[in-house]
Amino acid sequence: IASEDDGFAYHEGVDWDALEKAWQKNAQAEAQVAKAQAGKKPGAGPAKGKPAARPPKVVGGSTITQQLAKNLFLSGERTPLRKAQEFVLTLTLEVLLGKRRILEIYLNEVEWGDNIYGIEAAGRYYFDKHATELTKAEAALLAKGRGVPSHGAIAQGAAAECIAQAAREHRCDLIVVGSHGRTALQ
């Protein structure tokens, strides 16, 4: 929870402060891209056959419940209409399911690596264990890997190797930090 949505237990599905901070950081990134593009020669657009570069999304402000609503019911497009639909579904999920069930569904549906969906599959893939058999350290490694952005899948490339190597060596020396507290794991 600390790596994905450290206010999960405290908000009602939408973390308005996190959304505002994400919007501000993304607006700054877009302004920097616009400034860099303004310095280019007039008429110099993208290379032939390539679409214009979209400003990078620096940070997301979606909660676990918002991510679940999007993953279960919506497309990944970034439009105001899709975001409005996400808000309605998020609030509905919070009322109908509650935090424990939302987290359970999220952990069982989210992508933990390249075509690795759900915590059970991740436990099997990285640790050759059922999810219920994972130690706190192993679960923390998986959670830490979820926080690495890579187009919706966390455990690809370096992140996958880091988790796999730690699994092989049976070690964990990371610190999970959230704004609502700090937990050190060894």
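Here E109 contributes atom CD and Q67 contributes atom CD; the two are 13.5 Å apart, rounded to the nearest 0.5 Å. Taken to the nearest 0.5 Å, the OH atom of Y125 stands 8.0 Å off from the CG atom of D114. Between N71 atom CG and S62 atom OG the span is 9.5 Å, to the nearest 0.5 Å. The OG1 atom of T135 sits 5.0 Å away from atom NZ of K129, with the distance rounded to the nearest 0.5 Å.
Linking Ile, Leu, Val, Met, Phe, Trp and Tyr residues whenever their side-chain heavy atoms come within less than 4.5 Å leaves F87 and L68 in two separate clusters. Transitive grouping of hydrophobic side chains (ILVMFWY, heavy atoms separated by less than 4.5 Å) brings L141 and I1 into a common cluster.
Taking the side-chain hydrogen bond (donor to acceptor under 3.5 Å, both in side chains) definition, one finds that D15 meets it with nothing, sequence neighbours left out. The salt bridge (Lys or Arg N to Asp or Glu O under 4.0 Å) test applied to E86 returns R82, K83, not counting sequence neighbours. Listed by chain and residue number, T79, Q85 satisfy the side chain to side chain contact (heavy atoms under 4.5 Å, CB included) test with L81 (two or more places apart in sequence, or in another chain). Applying the side chain to side chain contact (heavy atoms under 4.5 Å, CB included) test to L97 and every residue at least two apart in sequence or in another chain returns L93, R101, I102, I105. With sequence neighbours excluded, the residues that form a side chain to side chain contact (heavy atoms under 4.5 Å, CB included) with L89 are A69, F73, L74. Judged as a ring-ring contact (aromatic ring centres under 6.0 Å, His included), and not counting sequence neighbours, Y117 has no contacts. In this structure K99 satisfies the salt bridge (Lys or Arg N to Asp or Glu O under 4.0 Å) test together with E94, sequence neighbours excluded.
Nearest heavy atom pair, residue G13 against residue T63, reads O-OG1, 2.5 Å. In terms of heavy atoms, N108 sits closest to I119 at OD1-CG2, 3.7 Å. What you find for V14 and Q66 is that their closest heavy atoms are CA-OE1, 4.0 Å.
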Take F127 and W112 through the test ring-ring contact (aromatic ring centres under 6.0 Å, His included) and record every step on the way to the result.
CA-CA 13 Å; F127 299 101; W112 294 87; over 10 Å; no
Run the side-chain hydrogen bond (donor to acceptor under 3.5 Å, both in side chains) check on D17 and H11 step by step: do they pass?
CA-CA 10 Å; D17 291 335; H11 60 64; over 6 Å; no
Chi angles and distances behind the side-chain hydrogen bond (donor to acceptor under 3.5 Å, both in side chains) call for Y126, E138:
CA-CA 9 Å; Y126 293 111; E138 291 163 343; over 6 Å; no
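Between Y106 and E4, the closest side-chain pair of non-hydrogen atoms falls below 4.5 Å. Residues R124 and H130 meet the side-chain proximity criterion, which asks for heavy atoms closer than 4.5 Å.
Judged by distance alone, with hydrogens and angles left aside, the side-chain atoms of E120 form a donor-acceptor pair with the main-chain N or O of A131 at under 3.5 Å. E20 places no side-chain N or O within 3.5 Å of a backbone atom of Q24 that could act as its donor or acceptor partner.
Summarising the local packing, CD of E12 is surrounded by 12 or fewer heavy atoms from other residues, nucleotides or ligands at distances under 6.0 Å.
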